[in-house]
Peer 1: 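Shown below is the structure under consideration.
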2 protein chains.
Amino acid sequence: MSINFQREAPCPIAQLLELLGDRWSLLIIRDAFYGVRRFDGFQQHLGISKKVLTMRLTTLVDAEIMKKERYQSKPERYEYRLTAKGRELFPVLLTMMRWGNRWLVDEGEETVQLLHSNCGEKTEPRMVCSHCEQPITPARIQAVPGPGANREVVQAFRQIVRKSEVKKES
Amino acid sequence: MSINFQREAPCPIAQLLELLGDRWSLLIIRDAFYGVRRFDGFQQHLGISKKVLTMRLTTLVDAEIMKKERYQSKPERYEYRLTAKGRELFPVLLTMMRWGNRWLVDEGEETVQLLHSNCGEKTEPRMVCSHCEQPITPARIQAVPGPGANREVVQAFRQIVRKSEVKKES
DNA sequence: AGTGGTTGGTTTCTTTTAGAGACCTGATAG
DNA sequence: CTATCAGGTCTCTAAAAGAAACCAACCACT
């Protein structure tokens, strides 16, 4: 029902959230970036229940965000590692970290910071255009229907645009 | 219980997810970026139940991510707009959109694309260092304890680092 | 004066998820 | 022969989400 912009719809953000939009998945991936690899490690660092951890890891493996690899065979034991698809979630976590540090943590009270080994300095990631390399801001970015947009999506876009214009006038 | 890295802990990503890590909050914010402002608009575009929408909007207003503004007074009616704090979630949504388009949508089937009005071209946001302006990749970024890190956090970092080194050897 | 539509909700009931904790398995260690 | 570790499963309870009915203030029509 409703215009085709919701969760099971083709919006890439909605699709990502469909997969990872619970309270644990992105924390598991964060820990994986920190180097955690084993069931027990995730469980202890996160304080997540085993049942939910099993479910989340299964989902992540099925989605090919993580892969399960045997690291010993006498008793078979596996570890979970990020795939390329998983590693590319790095920018998502970085922008989240930046926003959290900026708005949820008092200044000077940050518990985590980022060091860029290129320049050796503390860094705050910035977004730039892949084309002109200029900064990206909401005002200078426009979302437009892509090649896979069907009539419904275009329609939804029009409606949203029209509505937001109406609001501006009043 | 467990090392201090979980949800109620000082990790900025965990704090963000504590606030926004459900299946709806970020979609509401996405719609707000698209220009949706009214209860009904969110409800129809998202297909979310009114109860949950009420709860989420309340949370977002309490967190000062959105603000409720009266737009007419005969029958009092309000609309919900992003605050500066909310608008700064833009990079988070952009990186999510990029990942979703890249990994969850078939190439050429993207329903949404971004146009950078600076250069007028289709763009894929990239992350660069605020310092040296060079690209940021997992391999070139290191998370280090910040000024607000207490002994526990530093300890947790050490443990994680040690564990991931052990893994590399085996 | 009554009917229906619009906006922005609340209430109730049912289904889904999450969480705590007991239990299981296969292996090695003492 | 018992203990411990890694990596789970199973069961039960509590919390959250979803569907749908209802409510209320105002307007516009008839």
Side-chain angles (χ1 to χ4, degrees), chain A residues 1-2 6-9 14 17-28 31-32 36-62 66-81 159 163-164 166-167 170, chain B residues 1-2 6-9 14 17-28 31-32 36-62 66-81 159 163-164 166-167 170:
Chain A
M1 75 189 64
S2 98
Q6 69 242 48
R7 284 159 55 199
E8 68 283 352
L17 289 171
E18 187 75 3
L19 193 59
L20 306 172
D22 65 291
R23 287 194 291 300
W24 293 114
S25 298
L26 284 166
L27 289 179
I28 293 170
D31 270 12
V36 178
R37 304 228 166 97
R38 295 191 187 169
F39 192 90
D40 226 48
F42 291 111
Q43 215 235 309
Q44 283 178 39
H45 280 103
L46 294 169
I48 184 178
S49 82
K50 289 172 158 195
K51 188 186 68 173
V52 178
L53 179 56
T54 303
M55 294 192 311
R56 290 295 164 269
L57 287 173
T58 305
T59 306
L60 292 172
V61 170
D62 287 351
M66 302 191 86
K67 56 179 182 264
K68 197 174 179 176
E69 280 183 358
R70 199 172 58 225
Y71 68 88
Q72 68 173 43
S73 43
K74 296 62 155 338
E76 300 222 330
R77 287 295 131 81
Y78 296 90
E79 54 185 24
Y80 296 87
R81 288 158 170 271
Q159 257 190 271
K163 279 188 187 172
S164 60
V166 168
K167 291 307 102 39
S170 74
Chain B
M1 78 194 62
S2 96
Q6 68 241 49
R7 284 160 52 198
E8 68 282 355
L17 288 171
E18 188 74 3
L19 193 59
L20 305 172
D22 65 291
R23 286 194 292 302
W24 293 115
S25 299
L26 283 165
L27 289 179
I28 292 170
D31 270 12
V36 178
R37 305 229 164 95
R38 295 191 187 170
F39 192 89
D40 227 48
F42 290 112
Q43 214 236 309
Q44 282 178 39
H45 280 102
L46 294 169
I48 184 178
S49 84
K50 289 173 158 195
K51 188 186 69 173
V52 178
L53 179 57
T54 304
M55 294 193 310
R56 289 294 163 272
L57 286 172
T58 306
T59 307
L60 291 172
V61 169
D62 288 351
M66 303 192 85
K67 56 178 183 265
K68 197 174 179 177
E69 280 183 358
R70 199 173 58 225
Y71 68 89
Q72 68 173 43
S73 42
K74 298 65 161 329
E76 300 222 330
R77 288 294 132 82
Y78 297 89
E79 54 185 24
Y80 297 87
R81 287 159 170 272
Q159 258 191 271
K163 279 188 188 174
S164 59
V166 168
K167 292 305 101 39
S170 73

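Per chain, numbering begins at 1; letters A, B, ... match sequence-line order.
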Peer 1: Kindly indicate whether a cation-pi arrangement holds for R37(A) with Y71(A), taking the cut-offs as under 6.0 Å to the six-membered ring centre and within 45° of the axis.
Peer 2: no

Peer 1: With a 3.5 Å distance limit and no angle check, can you tell me whether Q72(A) reaches the backbone of P75(A) through a side-chain donor-acceptor pair?
Peer 2: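 Yes, Q72(A) side chain to P75(A) backbone: donor-acceptor pair under 3.5 Å.
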
Peer 1: Does I48(B) offer a backbone N or O that forms a donor-acceptor pair with the side chain of Q43(B) under 3.5 Å?
Peer 2: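 Flag set: sc Q43(B) to bb I48(B) pair under 3.5 Å.
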
Peer 1: Identify the residue among E69(B), K68(B), M66(B) that makes a side chain to side chain contact (heavy atoms under 4.5 Å, CB included) with R81(B).
Peer 2: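 The side chain to side chain contact (heavy atoms under 4.5 Å, CB included) with R81(B) is passed solely by E69(B) among E69(B), K68(B), M66(B).
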
Peer 1: If you only use heavy atoms from C-beta on, which nucleotide in dT9(D), dC26(D), dA27(C) is closest to the side chain of P75(B)?
Peer 2: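 Nearest to the side chain of P75(B) among the choices is dC26(D).
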
Peer 1: Please tell me which of I48(B) and E76(A) maps to the more 5' nucleotide of DNA chain D, matching each residue to the nucleotide holding its nearest heavy atom.
Peer 2: E76(A)

Peer 1: Can you identify which nucleotide, out of dG7(D), dA18(C), dG9(C), has its nearest atom closest to the V52(A) side chain?
Peer 2: dA18(C)

Peer 1: So, is R56(A) close to the dA18(C) phosphate, meaning a side-chain N or O under 4.0 Å from OP1 or OP2?
Peer 2: yes

Peer 1: Out of dA18(C), dA27(C), dG7(D), which has the shortest distance to the side chain of R23(A)?
Peer 2: dA18(C)

Peer 1: Heavy atoms under 4.0 Å, any strand shown: does F42(B) hit a base, just sugar-phosphate, or nothing?
Peer 2: nothing

Peer 1: Nearest to the side chain of K51(B) - dT12(C), dG19(C), dT9(D)?
Peer 2: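 From the listed options, dT12(C) comes nearest.
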
Peer 1: With the side chain of K50(B) defined as its heavy atoms from C-beta on, choose the nearest nucleotide among dA25(D), dT10(C), dG7(D).
Peer 2: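 Nearest to the side-chain atoms of K50(B), counting from C-beta on, is dT10(C).
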
Peer 1: Write down the distance between CD (Q72(B)) and C1' (dG8(C)), rounded to a whole number of angstrom.
Peer 2: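 After rounding, the gap between these two atoms is 11 Å.
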
Peer 1: Of all the choices, dA6(D), dG8(C), dA17(D), which nucleotide is nearest to the side chain of D22(B) once you look at every atom?
Peer 2: dA17(D)

Peer 1: Nearest of dT9(D), dA18(C), dG8(C) to any side-chain atom of M55(A)?
Peer 2: dA18(C)

Peer 1: For Y80(B) and dT7(C), is the shortest distance between a side-chain N/O and OP1 or OP2 below 4.0 Å?
Peer 2: no

Peer 1: Considering only dG9(C), dG19(C), dG8(C), which nucleotide approaches the side chain of S49(A) most closely?
Peer 2: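 Comparing dG9(C), dG19(C), dG8(C) against the side chain of S49(A), the answer is dG19(C).
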
Peer 1: Do T59(B) and L20(B) have side-chain heavy atoms sitting under 4.5 Å apart?
Peer 2: no

Peer 1: Take atom CG of L17(B) and atom P of dA18(C), then tell me their distance rounded to the nearest Å.
Peer 2: 14 Å

Peer 1: Specify the separation, in whole Å, of atom CD of Q43(B) and atom C1' of dT10(C).
Peer 2: 13 Å

Peer 1: Side chain of W24(A), heavy atoms from C-beta onward: which of dA6(D), dA17(D), dA18(C) has the nearest atom to it?
Peer 2: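 Nearest listed nucleotide: dA18(C).
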
Peer 1: Atom OH of Y78(A) to atom P of dG8(D): distance rounded to whole Å?
Peer 2: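 My rounded result for the distance is 9 Å.
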
